Protein chains: 2
Amino acid sequence: MQPRTSPSTGSTRPLRADARRNYDLLVAAADAAFTEHGADASLEDIARRAGVGIGTLYRHFPTREALLAKVLDAGAAAIVARANELRTTTPPSSALVSWLEAMMGYVMTYDGLAKSLAASLVESGKSELCAPCKLMTEAGQMLLDRAQQSGELRQDATIHDIVLGAHAAAWAAEQTDDADAARRLLTLIIDGLRTDAAPRAVARAVRRGAPRRS
Amino acid sequence: MQPRTSPSTGSTRPLRADARRNYDLLVAAADAAFTEHGADASLEDIARRAGVGIGTLYRHFPTREALLAKVLDAGAAAIVARANELRTTTPPSSALVSWLEAMMGYVMTYDGLAKSLAASLVESGKSELCAPCKLMTEAGQMLLDRAQQSGELRQDATIHDIVLGAHAAAWAAEQTDDADAARRLLTLIIDGLRTDAAPRAVARAVRRGAPRRS
DNA sequence: ACCTGAACACCGTTCAAGT
DNA sequence: ACCTGAACACCGTTCAAGT
């Protein structure tokens, strides 16, 4: 178990030049393959695209999650940065909503990614995806705290359920090829958390049933 | 394209005795395999369990969905029956909630079933799963109409989004091995649809932020 | 009419052999 | 130190040959 840190983030022991090159080729090939065929893209195909043997892929990335995590961590960092930006520019609950929408867009980058991320949400360390997932969740916690302290959202909401719900909404949009479904489902979830009454104006007036018969 | 109706539901032309027997063996084996290994269980394994050749499985069930639909349709009928029962025994919006919970339990029968059902929700006829899915959605529509006419739920909710949300919640519970997550996420969704204010009592009092500092 | 299983084209993963 | 690719154990799906 040597503490082999990722080569792109200041490696402890630098890779041999050819190894370094293969590593980068693999990451680029994986990004392309995941984009085209989703997070379950064939690892053999990725190795083929990178022009390396399948054994080389396994040497650098012992699991699919390790490869996925490497390809995704730049995006995850951007989502965290977006949270900090929204905190200073946007009112509490709409900052949270905008951030969740950004996260859902990120999750929809690759087909099947919502599944991997939802799993990593609970595995807590078992997968390399847990690190980016944890960072994002912490960023979300900060925005949720702010929205709850402002009184706009209920105190009993947990960031875990909200993030899980956002992943589920992204997954649903993926399954139904209906990109807007993610936003609609997120709206349902957030509306359930507001402390004020039902936000969309429509319903208030119809307290005692519409005229059409049962 | 002969209109080959399912053997168990009054067949047009009855199957030969051995074929009939194999058909039933396959359905039983599939049920066991789906329960054990999820909706993606190996078809070869199912044929093996049934003691028939893989070709026989494909003859009776040209696609995985056809087999899945056959194994599931009794349960789907039960969910529809449950809707009719709840309509006559339970107040509008809690009838809908109880019914959605029953449907989520059904969807969680097999791992990976939520995915198949969510896809069938939009394919509209392409998969054999669409028939049971459509029946369930219609039953849900009836309960939703009732809840909206009573004024308890907003008028702008669609049964499509609610059922999709329930599937997504079931999926989330599956991914996180947290059976209760489905119920919690469903609660978020339904709370978002109520016409009265936030239902859980907690938050009302904290309109202007809790004392702990940002 | 129905059944069988070999055949084909794919996977993921490991590991002995190379440089 | 690193790379390669054959080998193994699986899949899903089709189809010629059987009864």
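Since we're looking at a predicted model, the values are computed, not measured. Values below: every heavy atom of this structure, side chains too, minus hydrogens, waters and symmetry copies. Below, chain A is the first sequence line, B the second, and so on; all start at residue 1.
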Legend entry - Short side-chain N/O contact from B:Ser42 to OP1 or OP2 of D:dG12, under 4.0 Å: yes

Inset, instruction - Take atom CZ of A:Arg59 and atom P of C:dG18, then tell me their distance rounded to the nearest Å. - result: 18 Å

Inset, instruction - Establish, with yes or no, whether the OP1 or OP2 oxygen of C:dC3 is under 4.0 angstrom from a side-chain nitrogen or oxygen of B:His60. - result: yes

Legend entry - Integer-rounded Å distance: D:dG5 P and A:Leu57 CG: 14 Å

Inset, instruction - Please tell me which of B:Ala19 and A:Arg16 maps to the more 5' nucleotide of DNA chain C, matching each residue to the nucleotide holding its nearest heavy atom. - result: B:Ala19

Legend entry - Closest listed nucleotide, where the reference is the side chain of A:Thr56 and the choices are D:dT13, D:dT4, C:dC3: D:dT4

Legend entry - Residues B:Asp180, B:Arg183: salt bridge by 4.0 Å N-O rule: yes

Inset, instruction - Could you tell me the separation between the CG atom of B:Asp45 and the P atom of D:dA9, rounded to a whole number of Å? - result: 17 Å

Inset, instruction - Nearest whole angstrom, please: distance from the C1' of C:dC10 to the CG of A:Leu43. - result: 14 Å

Inset, instruction - Verify, without hydrogens or angle tests, whether A:Glu44 (side chain) and A:Ile54 (backbone) share a donor-acceptor contact under 3.5 angstrom. - result: no

Inset, instruction - Tell me the partner of D:dA1, counting only Watson-Crick (N1-N3 plus N6-O4 or O6-N4) or G-U wobble (N1-O2 and O6-N3) with both under 3.5 Å; none if nothing fits. - result: C:dT19

Legend entry - Given DNA chain D, 5'-ward residue of the pair A:Glu44 and B:Ala41, judged by closest heavy atom: A:Glu44

Inset, instruction - Grab the CD1-P distance between A:Ile46 and C:dT13 for me, whole Å please. - result: 12 Å

Legend entry - Side chains of B:Tyr110 and B:Asp31, donor plus acceptor under 3.5 Å: yes

Legend entry - Spacing of A:His37 atom NE2 relative to C:dC10 atom C1', expressed in whole Å: 13 Å

Legend entry - d(CZ, A:Phe61; P, D:dC3) in whole Å: 11 Å

Inset, instruction - Respond yes when some side-chain nitrogen or oxygen of A:Asn22 is under 4.0 Å from OP1 or OP2 of D:dC2, and no when none is. - result: no

Inset, instruction - Identify the nucleotide, in any strand shown, that forms a Watson-Crick or G-U wobble pair with D:dT14, with both distances under 3.5 Å; if there is none, say none. - result: C:dA6

Legend entry - Full working for side chain to side chain contact (heavy atoms under 4.5 Å, CB included) between B:Leu135 and B:Ile79: CA-CA 9 Å; B:Leu135 289 176; B:Ile79 296 298; over 6 Å; no

Inset, instruction - Take A:Arg48 and B:Ile54, find for each the nucleotide of DNA chain C with the closest heavy atom, and name the residue whose nucleotide sits nearer the 5' end. - result: B:Ile54

Inset, instruction - Keeping the roles fixed (side chain from B:Arg146, backbone from B:Arg87), state whether a donor-acceptor pair exists under 3.5 Å. - result: yes

Legend entry - Nearest listed nucleotide, side chain of B:Asp18, among C:dC2, D:dC2, C:dG12: C:dC2

Legend entry - Distance in angstrom units between B:Tyr58 OH and C:dC2 P, rounded: 20 Å

